[in-house]
S.K.: 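I'd like to ask some things about the structure below.
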Amino acid sequence: MPITEAPTAERPNLLGRFGQRIIDTTTDVFLFTGDLTATLARGLAPGNWRRTMWTEFERFFYFTGVCAIPAVMITALLVGLGLVLQIIYWLRVTGQQGAIGDFLVLVLIRELSPIVTALIVIGRSGSVMLDEVGHLKVDGQIRMLESFGIEATDFLAIPRCFASALALFGLTTIFLHTALWSGYLAASLAGLTALSLVEFADAVLSRMTLGDHLLLVVKPTLTGFVIGYVAIWHGLRVEASALGVRRALPKAFMYSLLATLLIGIAVSMVL
């Protein structure tokens, strides 16, 4: 009898691979959204915070918020000298000094401060969070926690996400005031503005609406919570290999950056 070869599986074509990638990405988005919502709900549930969770919250808030203040202030000083000073200078040249408040509210307060501060937190704390959680996963310590009846979401995700949200709100406030007043001080010393400190503050505050004040709270808080969970979500799903954490870092950074931009656009459109 002639020997017949077993049929070989056909490799999916380019269109098939592209479609499968879309399906996988859509599934991950729905899973991420569901897990994020569940984490937020469990964190807001009364009586769900144990002593160990408060300890993790304090530890990570100190690392993400307090320890990042020097980096945020240095960056804000550069922005103040490079952006606020230039806005004051060019509006003076064009005779539009009355529009200083409008430009600063639109550029610095609504857009630049939350985004730049979020980038600092992503690069400085997001990678550390992913590395920490990823190694816990690879070393089997998360399974050990679950064997003792400790929910990994409660112990790892909730305190870190809420600490990241509160830290980003505080850092954004520090960044905004440092950039704003350093730029004004530089312009005043250079003789580029005749406005007094009170007049400059009034020019900015009088242009801020209720939506601008709400944006300064909602945008950094929501962004901080999401980028914190992005790092944890990828850390809990790293490959069980020596290079698993290293391979997850660029992916988590990309998704954190994408989430920051999408949240910024959505909140700016609403408020």
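Numbering starts at 1 and runs along the sequence shown. Values reported hereafter were calculated over all heavy atoms of this structure, with side chains retained and with hydrogens, waters and symmetry mates removed.
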S.K.: Would you say the side-chain atoms of S256 pair up with the backbone N or O of A252, donor to acceptor, closer than 3.5 Å?
M.R.: yes
S.K.: Applying a strict under-4.5 Å side-chain criterion to I, L, V, M, F, W and Y, I'd like to know whether F61 and V72 cluster together.
M.R.: no
S.K.: Got a sec, which residues hit side chain to side chain contact (heavy atoms under 4.5 Å, CB included) with V217, two or more places apart in sequence or on another chain?
M.R.: F169, T221
S.K.: Hey, are the side chains of L176 and L216 touching, using non-hydrogen atoms and a 4.5 Å cut-off?
M.R.: yes
S.K.: Looking at side-chain heavy atoms only, is the closest gap between L271 and D212 below 4.5 Å?
M.R.: no
S.K.: Taking only residues two or more places apart in sequence or in another chain, which ones pass side chain to side chain contact (heavy atoms under 4.5 Å, CB included) with R143?
M.R.: none
S.K.: Could you measure the distance from the CG atom of L130 to the OG atom of S125? Nearest 0.5 Å is fine.
M.R.: 12.5 Å
S.K.: Going from CG on L262 to CG on L258, what distance comes out if it is rounded to the nearest 0.5 angstrom?
M.R.: 4.5 Å
S.K.: On a heavy-atom basis, which atom in I227 and which in S164 lie closest, and how many Å separate them?
M.R.: CG1-OG, 4.2 Å
S.K.: F103: which residues meet the ring pair (Phe, Tyr, Trp, His ring centres under 6.0 Å) condition with it, sequence neighbours left out?
M.R.: none
S.K.: Using the ring pair (Phe, Tyr, Trp, His ring centres under 6.0 Å) rule, collect all pairs that involve residues 244-271, keeping only residues at least two apart or in two chains.
M.R.: H234-Y255
S.K.: Mind checking what makes salt bridge (charged side-chain N to carboxylate O under 4.0 Å, His left out) contact with R59, not counting sequence neighbours?
M.R.: E56, E132
S.K.: With side chains defined as the heavy atoms from C-beta onward, is the minimum distance between T172 and L168 less than 4.5 Å?
M.R.: yes
S.K.: Distance-only, no hydrogens or angles: does the N48 side chain make a donor-acceptor pair with backbone N or O of A45 under 3.5 Å?
M.R.: no
S.K.: Flag the pair I232 / C161 as yes when at least one side-chain heavy-atom distance between them is below 4.5 Å, and no otherwise.
M.R.: yes
S.K.: What are the two closest heavy atoms between A118 and T260, and how far apart are they?
M.R.: CB-CG2, 3.8 Å
S.K.: Hydrophobic cluster membership, with links at side-chain heavy-atom distances under 4.5 Å among I/L/V/M/F/W/Y: are V121 and L222 in one?
M.R.: no
S.K.: Strictly by side chain to side chain donor-acceptor pair (under 3.5 Å), give each pair with a member in residues 77-91 just once, sequence neighbours left out.
M.R.: Q86-W90
S.K.: Just wondering, do F32 and V230 contact through their side chains at under 4.5 Å, heavy atoms?
M.R.: yes
S.K.: Answer yes or no: is there an ion pair linking R237 with D35, defined by an N-O contact shorter than 4.0 Å?
M.R.: yes
S.K.: Is the number of heavy atoms from other residues, nucleotides or ligands within 6.0 Å of CE (M73) greater than 12?
M.R.: no
S.K.: Using the rule that Ile, Leu, Val, Met, Phe, Trp and Tyr join whenever any side-chain heavy atoms are under 4.5 Å apart, tell me whether I23 and F30 fall into a single cluster.
M.R.: no
S.K.: Is there side-chain contact between V204 and I109, with heavy atoms separated by less than 4.5 Å?
M.R.: yes
S.K.: Nearest heavy-atom pair of L195 and I100: which atoms, and what distance?
M.R.: CD1-CD1, 4.2 Å
S.K.: Name all residues meeting the side chain to side chain contact (heavy atoms under 4.5 Å, CB included) criterion together with L136; count only those two or more places apart in sequence or in a different chain, and write none if there are none.
M.R.: Q141, I142, L156
S.K.: Going from OG1 on T193 to CD on E199, what distance comes out if it is rounded to the nearest 0.5 angstrom?
M.R.: 8.5 Å
S.K.: Check the pair L31 / W233 against side chain to side chain contact (heavy atoms under 4.5 Å, CB included), numbers first and verdict last.
M.R.: CA-CA 10 Å; L31 287 174; W233 198 77; 4.3 Å; yes
S.K.: Hey, is the main chain of I174 close enough, under 3.5 Å, to the side chain of T178 for a donor-acceptor pair?
M.R.: yes
S.K.: With side chains defined as the heavy atoms from C-beta onward, is the minimum distance between L171 and I120 less than 4.5 Å?
M.R.: no
S.K.: Please round to the nearest 0.5 Å and tell me the distance separating atom CG of L215 and atom CE of M208.
M.R.: 8.5 Å
S.K.: What distance do R160 atom CZ and F57 atom CZ have between them, rounded to the nearest 0.5 Å?
M.R.: 12.5 Å
S.K.: Write down the atom of L108, the atom of A179, and the distance for their closest heavy-atom approach.
M.R.: CD1-CB, 4.1 Å
S.K.: Distance check, rounded to the nearest 0.5 Å: R50 atom CZ versus T55 atom OG1?
M.R.: 13.0 Å
S.K.: Check salt bridge (charged side-chain N to carboxylate O under 4.0 Å, His left out) between E111 and all other residues, then give those that pass, not counting sequence neighbours.
M.R.: K219
S.K.: Between V238 and G134, which heavy-atom pair has the shortest distance, and what is it?
M.R.: CG2-O, 3.7 Å
S.K.: Do L205 and L210 share a hydrophobic cluster, counting only Ile, Leu, Val, Met, Phe, Trp and Tyr and linking them when any side-chain heavy atoms are less than 4.5 Å apart?
M.R.: no
S.K.: Do L197 and L185 touch side chain to side chain, with heavy atoms closer than 4.5 Å?
M.R.: no
S.K.: Please check this pair: side chain of W49 against backbone of W54, looking for a donor-acceptor N/O pair closer than 3.5 Å.
M.R.: no
S.K.: Applying salt bridge (charged side-chain N to carboxylate O under 4.0 Å, His left out) as the test, list every pair that has at least one member in residues 247-257; sequence neighbours left out.
M.R.: E239-R247
S.K.: Which atom names give the shortest non-hydrogen contact between G80 and S182, and what distance separates them?
M.R.: CA-OG, 3.7 Å
S.K.: Got a sec, which residues hit salt bridge (charged side-chain N to carboxylate O under 4.0 Å, His left out) with R124, two or more places apart in sequence or on another chain?
M.R.: none
S.K.: Pairs in or reaching into residues 62-84: which pass side chain to side chain donor-acceptor pair (under 3.5 Å), with residues at least two apart or in two chains?
M.R.: none
S.K.: Can you hop from L189 to L81 via hydrophobic side chains spaced under 4.5 Å?
M.R.: no
S.K.: Which residue pairs pass the ring pair (Phe, Tyr, Trp, His ring centres under 6.0 Å) test when at least one of the two sits in residues 197-222, sequence neighbours left out?
M.R.: W181-F200, Y184-F200
S.K.: Stepwise, does the side chain to side chain contact (heavy atoms under 4.5 Å, CB included) test hold for L40 with L36?
M.R.: CA-CA 6 Å; L40 178 61; L36 176 68; 5.8 Å; no
S.K.: Could you check whether F225 and F162 have their ring centres less than 6.0 Å apart?
M.R.: yes
